[in-house]
Visitor: 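Please see the structure below; I have some questions.
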Amino acid sequence: MSSTLPTSAPGTAADTPAATPARTKPGFHPEIEGLRAVAVALVAVYHIWFGRVSGGVDVFLLLTGFLITGSLLRMVENHGRVRFGAFWGRLFKRLYPPVGLVLLAVLGATWLWLPEPRWRGTLGEVLAAAFYAENWKLAFSAVDYLDRAELPSPVQHIWSLSIQGQFYVLWAVLIAVAGAVALRLRTRVRTGVLVVCLTVFAGSLAYSVVRTATDQAWAYFDLGARLWEFALGGLLALALPSVRLPRGLRVLLGWVGLLALIACGALFDVSTMFPGYVALWPVGAAILVLLAGTTGHPLAVDRFLTARPLAALGGVSYALYLWHWPVLIVYLALTGRSVATLPGGLLVLALSLGLAVLTRILLEKPVNAFTTPRTHPGWAVTVVAVCLTPVLVVSLLWAYRLDTRETITVTAENVADYPGARVLDPSFPASSVPERPVVPRPADARDDLPHTYADECHAPLEQTEARVCVSGPADADRSIAVVGASRSAHWYPALREIADERGWRVYNLTKSSCQFSTDTPYTVDGQVYTQCERWRENAMRRLTSLRPDAVLTSSTRALPDGGERAFPGFADRWRQLAEVGIDVLGVRDLPRVPTDGASCVATREPDRCVFDPSYEHTPTDPARALDGVPDTVALLDLTPRVCPDGRCPAVIGNVLVYRDTSHLTATYARTLAPALATEIDRVTGW
């Protein structure tokens, strides 16, 4: 998860990057440029070298609320209303030119350097970023297991800029309403704005705390869970002119605030704990710096924050933030690393800073100089359209090209060209398989899913209802239920092939990241996965009611950090099934591969994409060592049909095996039907 840099309201300190020793007019805070520079430096350093976030985004949101609230308040006090066209026009004609340039550059870099499986996802996020909806795109992705497995996109960092854009629209309306009500009631406009800020702050913070505790992945990108930070900035804008503190205390507060901000990323795992009450730490640190203000004291923090180097960095901080993330992602993609080396990171930082300076000089300043005298809102619309149109045209045409390419599917007519796992059968003449394009295409691999996903039969992370999807005749002689996590669900296409041929009935009860066990489940963030606990108890009740002949589920788990285990909770659940007369077909988990097979095939010859599974698999099936396994459990191992001879090829029989690093493509799974049928017949005698 990453953060983005806010722009300022027109007429605020961001328009004057040069440092000055003290406040020269009301509402002018020269230390803000330095604070912005420190925040963006922290964000970049933590992204580049530590692969995590620093809390800088919370500072940016506070500053945005502080500056925008002051700007809108002055507008209402001076004009009696919010001049929406002028306000939004000045903001968006300054926001869009750098964003449009970076998005176009991302599209070019994606085509040149990112593997084909990344294209479709990047195009979707570029479009979302262009319309200030990237935070919602990521929020939905954050609660979707398949998207969570993807590497970050080159525009993921624009999520907070999207939140800011939404804030600009919402806050202008709220302040306008507050001003109108205040004028009608013949009270001060500041009083109305104060009520709005207090109400939003209290409501949003309460929501943020609750939402972060129950669904942190969603809350991180949720505007409602972030509004309190903007509102707190607004409260500070209202209160700061009346605050009078001793000079010595201000000197102390300034340094405490700056040091607390620098320490935030080291003390807290921001990406898994924010934006609940813990976000008060970086926000509070920034407030201390603003309370300190410009003291003129030679040892005060404002002397550091208003120094020319920091002022210069603050002046390009918006462009620097926009550039550093895509440059980093391209570097990581080209080097195959998850975090940068010291020299590599310095190269990323230098290149990003150079691009930021050029963007400031060659784009932002000329556009500002051209548009500032032209105050009609139509000019702002024109600027936005000029910046947005190339991004939309390139993205939509590219997406259309991907969607309309001829697709190849494996059918009875071309199975000789695309045998998949069948080529591993000793009786199959492997030498007769001709060279053909791999199916599915690497760009389409992420979407090659069991149809249970499209039919909403597979429960996403937040769902607790155990929805059952059924195929096959009601009077079938045999019935099997596929139950468990997504790595149980990827066997469904193979089982469905068998069932359709034999007239069996198949039930599907699967849920992302939820093993069918009695062990306490945890999320990737280390929290108890309560939705899984509730879902699998509901699933057990549904199975007790349905009484299938057997349940097909995972018997081991290949762990993301390496190794393979069979947990006691598996055997506990199997005993519960035995008590209600349901047999178990325990399928050994497949090895995870260290590199996305689709991306590997997209960038090199398939025969060079072969992985060693020893890191993931133990020499013997650990499920066979579990205590208390009932006689109603049969253990199956199809690993040799995916990783023959102790190696895991990305392509077998012209079919792409893995759609990511841990799940089979539905196409390859269907080619496993004969092998799975043989195993089922062997252990059941059906």
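What you see is a predicted model, and the numbers here were worked out from it, not measured in a lab.
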Visitor: Return yes if some donor-acceptor pair links the side-chain N/O of Asp215 with the main-chain N/O of Arg211 below 3.5 Å, else return no.
Guide: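 Not confirmed, Asp215 side chain does not pair with Arg211 backbone.
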Visitor: May I ask you to check whether over 12 heavy atoms, not counting those of His376, lie within 6.0 Å of atom NE2?
Guide: no
Visitor: Crowded around Glu456 CD? As in, over 12 foreign heavy atoms under 6.0 Å?
Guide: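 No, not enclosed.
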Visitor: I need the full list of salt bridge (charged side-chain N to carboxylate O under 4.0 Å, His left out) pairs touching residues 222-243, with sequence neighbours left out, sorted by first then second residue.
Guide: Asp58-Arg226, Arg226-Glu229
Visitor: For residues Gly296 and Arg303, report the shortest heavy-atom separation together with the two atoms involved.
Guide: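 Minimum heavy-atom contact is O-NH1, 4.2 Å.
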Visitor: If you measure from the Lys or Arg side-chain nitrogens to the Asp or Glu carboxylate oxygens, is any gap between Arg36 and Glu33 under 4.0 Å?
Guide: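 Looking at Glu33 together with Arg36, the answer is yes, because their closest N to O distance falls below 4.0 Å.
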Visitor: Quick check against the 3.5 Å criterion: does Arg52 have a side-chain atom that pairs as donor or acceptor with the backbone of Trp49?
Guide: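 No: the side chain of Arg52 does not pair with the backbone of Trp49.
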Visitor: Just by distance, do the side chain of Lys93 and the backbone of Thr371 share a donor-acceptor pair under 3.5 Å?
Guide: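 Looks like yes, one N/O pair under 3.5 Å.
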Visitor: Tell me the closest heavy-atom pair linking Leu205 and Trp228, and the distance in Å.
Guide: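 So the minimum-distance heavy-atom pair works out to N-CB, 3.5 Å.
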Visitor: Ignoring hydrogens and geometry beyond distance, is a side-chain donor-acceptor pair present between Gln166 and Trp136 at under 3.5 Å?
Guide: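 Checked: Gln166/Trp136 side chains pair up, N/O donor to acceptor below 3.5 Å.
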Visitor: Could you check whether any side-chain N or O of Trp119 sits under 3.5 Å from a backbone N or O of Trp111, counting only pairs where one atom can act as donor and the other as acceptor?
Guide: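 It does not hold such a pair.
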Visitor: Quick check: does any side chain N or O of Trp88 sit under 3.5 Å from a backbone N or O of Arg83, one acting as donor and the other as acceptor?
Guide: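 Checked: no pair found.
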Visitor: May I ask you to decide if Val106's main-chain N or O and Thr110's side chain share a donor-acceptor pair within less than 3.5 Å?
Guide: yes
Visitor: Mind checking the OG-OH spacing from Ser160 to Tyr220? Nearest 0.5 Å is all I need.
Guide: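 The OG atom of Ser160 sits 8.5 Å away from the OH atom of Tyr220.
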Visitor: Working to the nearest 0.5 Å, report the span between CG of Leu245 and OG1 of Thr295.
Guide: 12.0 Å
Visitor: State whether the number of non-hydrogen atoms from other residues, nucleotides or ligands found under 6.0 Å of Arg188 atom CZ is greater than 12.
Guide: no
Visitor: Which distance, rounded to the nearest 0.5 Å, do you find between the CH2 of Trp218 and the CG of Leu138?
Guide: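 Here the rounded value is 11.0 Å.
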Visitor: Counting N and O atoms only, with roles assigned by atom type, does the side chain of Ser71 sit under 3.5 Å from a partner on the main chain of Ile68, one being a donor and the other an acceptor?
Guide: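 Pair absent, no side-chain N/O of Ser71 close to backbone of Ile68.
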Visitor: Taking atom OG1 of Thr306 and atom CD1 of Ile32, what is their separation to the nearest 0.5 Å?
Guide: 12.5 Å
Visitor: Under 3.5 Å, which donor-acceptor pairs link side chains of residues 352-359 to any protein atom two or more places apart or in another chain?
Guide:
from: Ser352; atom 1: OG; to: Val348; atom 2: O; distance (Å): 2.7
from: Thr359; atom 1: OG1; to: Trp323; atom 2: NE1; distance (Å): 2.8
from: Thr359; atom 1: OG1; to: Leu355; atom 2: O; distance (Å): 2.7

Visitor: How about Glu31 and Thr294: does a side-chain donor come under 3.5 Å of a side-chain acceptor?
Guide: no
Visitor: If we ignore hydrogens and angles and just use 3.5 Å, is the side chain of Ser162 paired with the main-chain N or O of Ile158 as donor and acceptor?
Guide: yes
Visitor: Quick one, Val99 with Tyr318, criterion side chain to side chain contact (heavy atoms under 4.5 Å, CB included). Give me CA distance, side-chain angles, the key distance, then yes/no.
Guide: CA-CA 10 Å; Val99 171; Tyr318 177 50; 3.3 Å; yes
Visitor: Do the two ring centres, one from Trp171 and one from Phe230, sit under 6.0 Å apart?
Guide: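 No, they do not, as the ring centres are separated by 6.0 Å or more.
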Visitor: Of all the heavy-atom pairs spanning Thr69 and Cys197, show the shortest one and how long it is.
Guide: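 It is CG2-SG, 4.3 Å.
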Visitor: So does Trp113 have more than 12 non-hydrogen atoms from other groups sitting under 6.0 Å from CH2?
Guide: no
Visitor: Just do the side chain to side chain contact (heavy atoms under 4.5 Å, CB included) check on Val391 and Val126 with the steps written out, would you?
Guide: CA-CA 8 Å; Val391 175; Val126 165; 3.7 Å; yes
Visitor: Could you grab the distance from atom CG of Leu63 to atom NE2 of His29, nearest 0.5 Å is fine?
Guide: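 Rounded to the nearest 0.5 Å, the CG-NE2 separation comes to 10.5 Å.
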Visitor: Should the pair His324 and His157 be assigned to parallel (<30°), tilted (30 to 60°) or perpendicular (>60°) ring geometry?
Guide: perpendicular
Visitor: Checking Tyr277 side chain against Ala206 main chain: does a donor-acceptor pair fall under 3.5 Å?
Guide: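 No, because the side chain of Tyr277 does not come within donor-acceptor range (under 3.5 Å) of the backbone of Ala206.
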Visitor: Name all pairs fulfilling the salt bridge (charged side-chain N to carboxylate O under 4.0 Å, His left out) condition that reach into residues 376-404, sequence neighbours left out, sorted by first residue then second.
Guide: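 Of all non-adjacent pairs touching residues 376-404, those that pass salt bridge (charged side-chain N to carboxylate O under 4.0 Å, His left out) are Arg120-Asp403.
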Visitor: Return yes if some donor-acceptor pair links the side-chain N/O of Thr122 with the main-chain N/O of Arg118 below 3.5 Å, else return no.
Guide: yes
Visitor: How long is the gap from CG on Leu328 to NE2 on His47, to the nearest 0.5 Å?
Guide: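 It comes to 8.5 Å.
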Visitor: I'd like to know whether the aromatic ring centres of Tyr132 and Tyr96 sit less than 6.0 Å apart in this structure.
Guide: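 Judged by ring-centre distance (under 6.0 Å), Tyr132 and Tyr96 do meet the cut-off.
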